[in-house]
Every structure is written in structure tokens, then in C-alpha cells.
Amino acid sequence: QVQLVESGGGLVQAGGSLRLSCAASGRTLDIYAMGWFRQAPGNEREFVAAISWSGGTPYYTNSVKGRFTISRDNDKNTVHLQMSSLKPEDTAVYYCAAKNIVGSMSYGRGYGYWGQGTQVTVSS
């Protein structure tokens, strides 16, 4: 098993920044990518960003390109999401996930392990 713990969520005003972190433990050799998803009230879970564990290739959904940056620290089994120029529509619970199943980077079912979620609220 893999355990994921997120941190860094909070309340920020529009235009501000937050940095989310996710630490993985357990059988981390099962992981070949880590990503972030978010879910706002009344909405379905949405892919935000992911990064391949070996090469560090990032992937982003269009709505966050240029504003969010995903990075990883392999030695610490940690992934970060630096969020800048935040908008009210970014408000959601953000979930860290570890991908261990072959498939699209944006396909949630390809991620076998999930964190508890951290709330991000952006005020207008």
C-alpha cells in the first residue's frame, strides 16, 4: 500500500498563491506518476496536474496552465503544487493521488492511492 498526506491548503484572496505538498510513504516503488485532482461542491472530480516520477514530465489541465506548477522530490517521495494567480473558481478540495495503473495521466481510475484532501478557498 501507499499512504498519501496532503498539506498546504487554506484561504487566500484572488490573485494570491498557495503551495500544496503531498508526501508518499509505503510501497512507493509502485508509483510511476503523482497527480492532483480537485472537486468543488456540485462538481465532479477534475484532473489538475500530474508529473511522471522518473522523468519529471509535467501535465496540466488547460485552466491552470501558466498559473500552477507541479514538481517532485523523488528522494523525499514528495510532490508539490505551486498555485499562483488564484481565482475563485479554483476553490475546491484538492486531492493528491499516486498513479499505479496504466492509462491516461488525467484518468482518475488510474490512480490507486489517494490522500484525504485539503481545502483551498479563494475569495473574490
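What's counted below: heavy atoms across the whole structure, side chains too, no hydrogens, waters or symmetry copies.
- Taking CD from Gln3 and CZ from Arg27, the interatomic distance works out to 10.5 Å, rounded to the nearest 0.5 Å.
- In this structure, Asn77 contributes its side chain and Ser25 its backbone to no donor-acceptor pair below 3.5 Å.
- When side chains are defined from C-beta on, Tyr60 counts as touching Thr69, because their heavy atoms get closer than 4.5 Å.
- The minimum heavy-atom distance between Ala92 and Arg38, with the atom names listed, is CB-CB, 3.7 Å.
- For the pair Thr118 and Leu20, the minimum side-chain heavy-atom distance is below 4.5 Å.
- Follow the hydrophobic side-chain contacts under 4.5 Å out from Phe68 and you reach Val12 in the same cluster.
- Considering OH of Tyr113 and CG of Asp30, their distance stands at 5.0 Å, rounded to 0.5 Å.
- Under the rule for a salt bridge (Lys or Arg N to Asp or Glu O under 4.0 Å), Arg19 has no partner lying at least two apart in sequence or in another chain.
- Here the shortest heavy-atom pairing between Met105 and Ala33 reads CE-CB, 3.6 Å.
- Note: the hydrophobic cluster containing Val122 does not contain Tyr95 (ILVMFWY, side chain heavy atoms under 4.5 Å, direct or indirect links).
- Looking at every heavy atom in both residues, Ala24 comes nearest to Ile31 through CB-CD1, 4.2 Å.
- For the pair Thr78 (side chain) and Lys76 (backbone), a donor-acceptor distance under 3.5 Å is present.
- Taking 4.5 Å as the limit, every side-chain heavy atom of Ser124 sits out of range of all side-chain heavy atoms of Gln13.
- The neighbour count for Glu44 CD, taken as heavy atoms of other residues, nucleotides or ligands under 6.0 Å away, does not exceed 12.
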Side-chain donor-acceptor pairs under 3.5 Å in residues 81-88, sequence neighbours left out?
residue: Ser84; atom: OG; partner: Ser17; partner atom: OG; Å: 3.4

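- With sequence neighbours left out, Glu89 forms a salt bridge (Lys or Arg N to Asp or Glu O under 4.0 Å) with no residue at all.
- The shortest heavy-atom contact between Val93 and Gly117 is CG1-CA, 3.9 Å.
- Glu6 contributes a side-chain N or O that, together with a main-chain N or O of Cys96, makes up a donor-acceptor pair within less than 3.5 Å.
- A continuous path of hydrophobic side-chain contacts links Tyr94 to Val79 [ILVMFWY only; heavy atoms under 4.5 Å].
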For residues 48-57, run the donor-acceptor check on the side chains, cut-off 3.5 Å, and write out each pair with its distance to 0.1 Å, sequence neighbours left out.
residue: Ser52; atom: OG; partner: Gly56; partner atom: N; Å: 3.2
residue: Ser52; atom: OG; partner: Thr57; partner atom: N; Å: 2.9

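- Taking each heavy atom of Asn100 and Gly112 in turn, the nearest pair found is OD1-N, 2.9 Å.
- Looking only at atom types and distance, the side chain of Ser21 has a donor-acceptor partner in the side chain of His80 under 3.5 Å away.
- Taking Arg67 as the reference, Asp90 meet the salt bridge (Lys or Arg N to Asp or Glu O under 4.0 Å) condition, with sequence neighbours excluded.
- Annotation: ring pair (Phe, Tyr, Trp, His ring centres under 6.0 Å) contacts involving residues 4-39, sequence neighbours excluded, comprise Phe37-Phe47, Phe37-Tyr111, Phe37-Trp114.
- Of all heavy-atom pairs spanning Pro58 and Ile70, the tightest one is CB-CG2, 3.8 Å.
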